[in-house]
Participant: 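I am attaching a structure below and will ask some questions about it afterwards.
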Protein chains: 2
Amino acid sequence: MLKSRMTRQKKAILEELRNSDSHPTADEIYERIRQKIPKISLGTVYRNLETLSSSGMIKKLDIGHPQKRYDGRTGSHYHAHCINCDRVDDLPANSDLAIEDAFSHLCEYHITGHQLTIFGLCPDCKKKEKN
Amino acid sequence: MLKSRMTRQKKAILEELRNSDSHPTADEIYERIRQKIPKISLGTVYRNLETLSSSGMIKKLDIGHPQKRYDGRTGSHYHAHCINCDRVDDLPANSDLAIEDAFSHLCEYHITGHQLTIFGLCPDCKKKEKN
DNA sequence: CTAACTGCAAAAGCTTTGCTTTTCA
DNA sequence: TGAAAAGCAAAGCTTTTGCAGTTAG
């Protein structure tokens, strides 16, 4: 375990992620934190997001876009991704380890985890689509 | 549907992907095609990969790395991703629509698809890990 | 023929990094 | 007080784009 200090900047980033149920990009986090700590730099945001995610305090998500998303919920769970507005929501179900069991019989991998994402239209975009 | 011409470059890229069971990056594809078409440019590779994937002839994969991967298999299937060497393998099972059914009762999304990836050590890295 | 495509090179966009100064413990 | 982190700016990497010349149909 590396040494790590809880700075004002890091604390603010962690709080922002924990109080948010969206899954913001680094840049969105930067803009929000800037309201409280105007002099914070984007580099600091990136460095802290990296530290926090490699120590397991947050998660880095990849939704197939140039920008990564960050998630303050560390429990294992799945995501839903709107193909229209790119919003990402948490799904109300924990990871299902049975899936890993099933695939352990189908491939030669030593499985350590899995990731499941649902794609579709979020409630808002579903409504708009009807018009 | 947009008009599209089957150029020598596009054909070579498509064949390369279909004859390969790895899931190469744009740059890897570029290097391979260069053996046959030395003057091809990386920009052309990117443009063709984009055309091919938006017309559904290939798939673009995101494994959470800066570079995207490309897959010549269009049937819906899952992937295994080695956390040590970043190799990506196809899993010998088709997409399970029951998963989408299950989540359609748990969220308000209009679900159109899903993606499942297994993480772990591939057979090669599993062996090396033992030493 | 001519719209679509190529090659080349420059630009764009996100993220990382080097360096000096500041700050937490 | 010293190691770790911040701020700033420059660099890095992958991907996209503009443009003039080429080519498939």
Side-chain angles (χ1 to χ4, degrees), chain A residues 1-17 22-71 81 86 88, chain B residues 1-17 22-71 81 86 88:
Chain A
M1 197 61 173
L2 286 75
K3 284 180 209 174
S4 157
R5 290 191 331 208
M6 184 51 70
T7 60
R8 198 158 69 98
Q9 290 83 347
K10 187 188 286 186
K11 190 185 287 182
I13 290 170
L14 192 53
E15 269 170 19
E16 179 58 42
L17 280 173
S22 76
H23 297 74
T25 62
D27 200 63
E28 284 165 351
I29 296 166
Y30 172 60
E31 289 302 338
R32 293 182 200 170
I33 304 291
R34 256 193 333 159
Q35 320 273 317
K36 296 180 203 162
I37 308 176
K39 295 204 69 186
I40 195 171
S41 76
L42 186 53
T44 296
V45 172
Y46 273 108
R47 261 188 290 237
N48 276 314
L49 288 170
E50 191 51 40
T51 306
L52 288 167
S53 68
S54 62
S55 74
M57 299 180 75
I58 64 172
K59 277 187 179 172
K60 202 191 282 190
L61 307 181
D62 208 291
I63 64 163
H65 276 250
Q67 298 114 303
K68 298 216 179 343
R69 307 299 195 94
Y70 295 87
D71 188 342
H81 174 193
D86 284 330
V88 174
Chain B
M1 195 65 175
L2 287 76
K3 285 180 207 173
S4 157
R5 293 194 324 209
M6 184 52 68
T7 60
R8 199 159 68 98
Q9 292 82 347
K10 188 189 283 184
K11 190 185 289 182
I13 291 169
L14 192 52
E15 270 170 20
E16 179 58 43
L17 279 172
S22 76
H23 297 73
T25 62
D27 199 64
E28 284 165 350
I29 295 165
Y30 170 59
E31 289 301 338
R32 293 183 201 170
I33 304 291
R34 258 198 326 163
Q35 319 272 318
K36 296 180 202 163
I37 308 176
K39 294 202 71 184
I40 197 172
S41 76
L42 187 53
T44 296
V45 172
Y46 273 108
R47 265 186 290 231
N48 277 313
L49 288 171
E50 192 52 41
T51 305
L52 289 167
S53 69
S54 64
S55 74
M57 301 181 74
I58 64 171
K59 276 186 177 172
K60 202 190 281 191
L61 306 182
D62 209 293
I63 65 164
H65 277 251
Q67 297 113 306
K68 299 217 180 340
R69 306 299 194 95
Y70 296 87
D71 189 342
H81 174 193
D86 284 330
V88 174

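Lettering of chains follows the sequences in order, A, B, ..., and the numbering in each one begins at 1. Keep in mind it's a predicted model, so treat the numbers as computed, not measured.
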Participant: Counting any heavy atom closer than 4.0 Å, what does T7(A) reach on the DNA or RNA strands: base, sugar-phosphate only, or nothing?
Facilitator: sugar-phosphate
Participant: Would you kindly give the CG-to-P distance between L49(A) and dT16(C), to the nearest whole Å?
Facilitator: 9 Å
Participant: Looking across every strand, which nucleic acid part, if any, lies under 4.0 Å from D27(B) by heavy atom: base, sugar-phosphate, or nothing?
Facilitator: nothing
Participant: Suppose we call a contact any N or O donor and acceptor under 3.5 Å apart; does that hold for the side chain of R47(A) and the base of dA5(D)?
Facilitator: no
Participant: In this structure, how many angstroms lie between the C1' atom of dC14(C) and the NE2 atom of H65(B), rounded?
Facilitator: 16 Å
Participant: Among dT15(D), dA5(D), dG7(D), which nucleotide sits nearest the side chain of K68(B)?
Facilitator: dT15(D)
Participant: Please report the distance, rounded to the nearest Å, between NZ in K10(A) and P in dG7(D).
Facilitator: 13 Å
Participant: Can you check the L14(A) CG to dA5(D) P distance for me, whole Å?
Facilitator: 14 Å
Participant: Quickly work out the I29(A) CD1 to dC14(C) P distance and round it to whole Å.
Facilitator: 14 Å
Participant: Give me the atom names and distance for the closest heavy-atom approach of I33(A) to A12(A).
Facilitator: CD1-O, 3.4 Å
Participant: Side chain of K39(B): nearest nucleotide among dC8(C), dA5(D), dT15(D)?
Facilitator: dC8(C)
Participant: As a test of reading the structure: which of dT15(D), dG7(D), dC14(C) is closest to the side chain of P66(A), going by heavy atoms?
Facilitator: dC14(C)
Participant: Nearest nucleotide by nearest heavy atom, which residue falls closer to the 5' end of DNA chain D, M6(B) or Q67(B)?
Facilitator: Q67(B)
Participant: Judged by atom type as modelled, is there a donor-acceptor pair below 3.5 Å linking the side chain of K11(B) to the main-chain atoms of M6(B)?
Facilitator: no
Participant: Any N or O donor-acceptor pair under 3.5 Å from the base of dT23(C) to the side chain of R5(A)?
Facilitator: yes
Participant: Is a salt bridge present between E31(A) and R34(A), judged by a nitrogen-to-oxygen distance below 4.0 Å?
Facilitator: yes
Participant: Starting at atom CG of N48(A), determine the distance to atom C1' of dA4(D), rounded to an integer number of angstrom.
Facilitator: 11 Å
Participant: Please determine which of K36(B), Q35(B), R32(B) meets the side-chain hydrogen bond (donor to acceptor under 3.5 Å, both in side chains) test together with E16(B).
Facilitator: R32(B)
Participant: Under the side chain to side chain donor-acceptor pair (under 3.5 Å) rule, what pairs show up with a residue in residues 61-71 of chain A, not counting sequence neighbours?
Facilitator: H23(A)-D71(A), D62(A)-K68(A), H65(A)-D86(A), D71(A)-H77(A), D71(A)-H79(A)
